[in-house]
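Take a look at the structure below.
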Protein chains: 2
Amino acid sequence: MGRKSLKEARKKEIIKVFYSLAKKNGLENTSIAKIAAKMEINPSLIIHYFQTREDLVSGLVDYILDKYKLIYKVSAANATDSRKALLEIIGNIFSKKWNTLFDDGLFYGCYAMTFHDDKVRDLYKKLLDSLREMLIGHIEQCRADGVLDVTDVETVADNIFVLIDGAYFYLSLVSDKAEYEQRLAKYRQQALSILHLQELSEVAG
Amino acid sequence: MGRKSLKEARKKEIIKVFYSLAKKNGLENTSIAKIAAKMEINPSLIIHYFQTREDLVSGLVDYILDKYKLIYKVSAANATDSRKALLEIIGNIFSKKWNTLFDDGLFYGCYAMTFHDDKVRDLYKKLLDSLREMLIGHIEQCRADGVLDVTDVETVADNIFVLIDGAYFYLSLVSDKAEYEQRLAKYRQQALSILHLQELSEVAG
DNA sequence: TTATAAATTGAATGAATGTTCAATTAATTT
DNA sequence: AAATTAATTGAACATTCATTCAATTTATAA
């Protein structure tokens with residue numbers, strides 16, 4: 001009875017436009033009114049779905065972190081081979097295509113919010129911790145399969161994460177494309193070195 | 001003739017209040033009006049000194065980056081001993097007192113601006129690059145003095161910076177004090193390990 | 001066809017924003 | 001004391017903001 005609810009689909013549409021505008025102009029310069037204008041709908045419709053701006057931002061953070069999570073996803077082709085799976089993840093993390101899928105500016109913009117917004121802080125902390133656990137799992141699997149020679153798995157995983165976060169922090173300021181790619185390759189190499197693995201071209205994404 | 005100018009002193013006062021409010025409530029929640037209210041002055045006075053909000057923010061970025069730079073400052077006592085100087089810098093970077101002097105939230109908040117504000121981007125890039133050069137200089141001096149055994153100085157310096165940036169990225173989300181300090185110590189240890197140095201208590205700050 | 005429920009609009013709100021400009025106050029020099 | 005220059009105020013500005021509420025349109029089920 002009554003009209004079919006479009007709620008979830010509509011919310012996602014709104015968030016996507018929010019994402020694209022914030023990506024272009026920054027989080028603080030993206031208002032509800034501007035999102036509505038871009039979508040050619042009424043601002044009150046956005047408030048109808050997200051009761052407050054805070055909820056809207058929260059939805060954006062969810063959206064961004066979901067995208068971020070994808071980088072750690074292992075394709076079905078490599079799911080059964082622990083070594084290939086690990087190599088695929090490392091490859092994904094240190095690849096150029098990541099940038100086309102994911103906007104670092106927004107990731108850091110939302111990250112900056114964690115210092116004053118407990119909700120966002122929790123989301124980030126839980127995501128990063130779950131990714132750590134995941135990487136630990138992969139490494140342990142590799143060790144169990146005898147394809148990896150590491151002693152302290154947790155430390156190794158931590159080293160990888162430090163490398164990732166530190167690498168992109170500086171990389172985001174590198175505008176020269178050649179230097180960017182060169183550094184990226186070097187960091188990937190270093191990640192493999194931490195894992196006592198060698199670069200391989202055999203692994204597809 | 002006429003009144004003595006308080007311009008520079010007053011501008012610094014304003015920025016300091018801006019800093020303290022933004023530290024507490026976040027950059028985007030700190031308006032000119034709020035700064036003026038806190039100082040019990042008229043908002044137009046702030047505009048008098050900083051023509052636009054953009055200029056005001058730019059001043060804040062300068063202020064923050066100047067503070068950041070201090071972490072890399074070597075005390076006079078260690079200035080002549082290259083090994084002690086390097087150890088002091090590493091000690092400063094991975095110390096708890098840094099947090100009392102410097103607000104990570106604002107540092108990341110301004111960092112997030114680099115993605116849409118070319119001016120801020122240049123400031124950050126130039127600072128980080130100059131710090132790199134400085135660290136490279138210290139390491140090279142140590143090598144010249146025969147107290148350090150490293151081959152590729154630039155790579156070593158880059159590894160240190162990646163460690164710093166990556167470490168604090170995650171540390172900023174760690175609220176448990178004990179875990180925070182434990183990790184911090186571990187990262188410091190790792191920095192020394194990259195330099196092939198050992199932890200020393202002999203170096204004062 | 002009618003009832004129902006959700007989607008959407010439109011107008012209005014008050015508060016806060018950055019900024020302008022003229023007027024006034026306060027300090028310093030001649 | 002008078003002239004000068006900067007500090008500071010106060011009132012006003014147009015804009016934008018998030019949010020509210022009632023009214024209307026649109027789709028679906030009975």
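Chain naming here is simple, since letters A, B, ... match the order of the sequence lines and numbering starts at 1 in each.
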key: Whole-Å distance separating the CD1 atom of I35(B) from the C1' atom of dG18(C)   = 12 Å
key: side-chain N/O R3(B) vs dT28(C) OP1/OP2, d < 4.0 Å   = no
message = OP1 or OP2 of dT8(D) versus the side-chain N and O atoms of H48(B): is any pair under 4.0 Å?
response = no
request  = Could you state the atom-to-atom distance from CE of M39(A) to P of dA7(C) in whole Å?
outcome  = 13 Å
key: Separation of dA27(D) C1' from L6(A) CG (nearest whole Å)   = 9 Å
inquiry  = Using the side-chain heavy atoms of S31(B), tell me which of these nucleotides is nearest: dG18(C), dC21(D), dT26(D).
reply    = dG18(C)
ask   = L56(B) has an atom CG; how far is it from atom P of dT17(C), in whole Å?
value = 13 Å
ask   = Side chains of T114(B) and K125(B): is there a donor and an acceptor less than 3.5 Å apart?
value = no
query = Which listed nucleotide (dT9(D), dA11(C), dA7(C)) is nearest to the side chain of K7(A)?
reply = dA7(C)
message = Looking at Y170(B), I'd like to know if the NZ or CZ of R132(A) sits under 6.0 Å from its six-membered ring centre while staying within 45 degrees of the ring's axis.
response = yes
Euclidean distance, atom NZ of residue K11(A) to atom P of dA6(C) [Å, nearest integer] = 14 Å
message = Rounded to whole Å, how long is the line connecting atom CD of E13(B) with atom P of dA7(D)?
response = 12 Å
Side chain of I47(A) (C-beta onward), nearest among dT20(D), dT19(C), dA7(C) = dT20(D)
ask   = Would you call K84(B)-E88(B) a salt bridge at under 4.0 Å N-O?
value = no
query = Counting distance only, does the side-chain N/O of Y19(B) pair as donor-acceptor with the main-chain N or O of D103(B) below 3.5 Å?
reply = yes
key: Row check, F50(A) ring normal vs K11(A) NZ/CZ: under 6.0 Å, within 45°   = yes
key: Nearest to side-chain heavy atoms of N42(B), which nucleotide of dG10(D), dT8(D), dT19(C)   = dG10(D)
remark   = On DNA chain D, more 5' by nearest nucleotide between K4(B) and E40(B) is K4(B)
task = Please check the phosphate of dA6(C) (OP1 and OP2 only) for any side-chain N or O of R10(A) closer than 4.0 Å.
result = no
request  = With heavy atoms under 4.0 Å as the rule, sort Y49(B) into base, sugar-phosphate or nothing.
outcome  = sugar-phosphate
query = In whole angstrom, what separates L45(A)'s CG from dT24(D)'s C1'?
reply = 14 Å
request  = Take atom CD1 of I41(A) and atom P of dA6(C), then tell me their distance rounded to the nearest Å.
outcome  = 18 Å
ask   = Between the base of dG18(C) and the side chain of T52(B), is there any donor-acceptor pair under 3.5 Å?
value = no
ask   = Choosing from dG10(D), dT20(D), dA7(C), which nucleotide comes nearest the side chain of S44(B)?
value = dG10(D)
request  = Look at the side chain of A33(B) and decide which nucleotide, out of dT19(C), dT9(C), dT17(C), has an atom nearest to it.
outcome  = dT17(C)
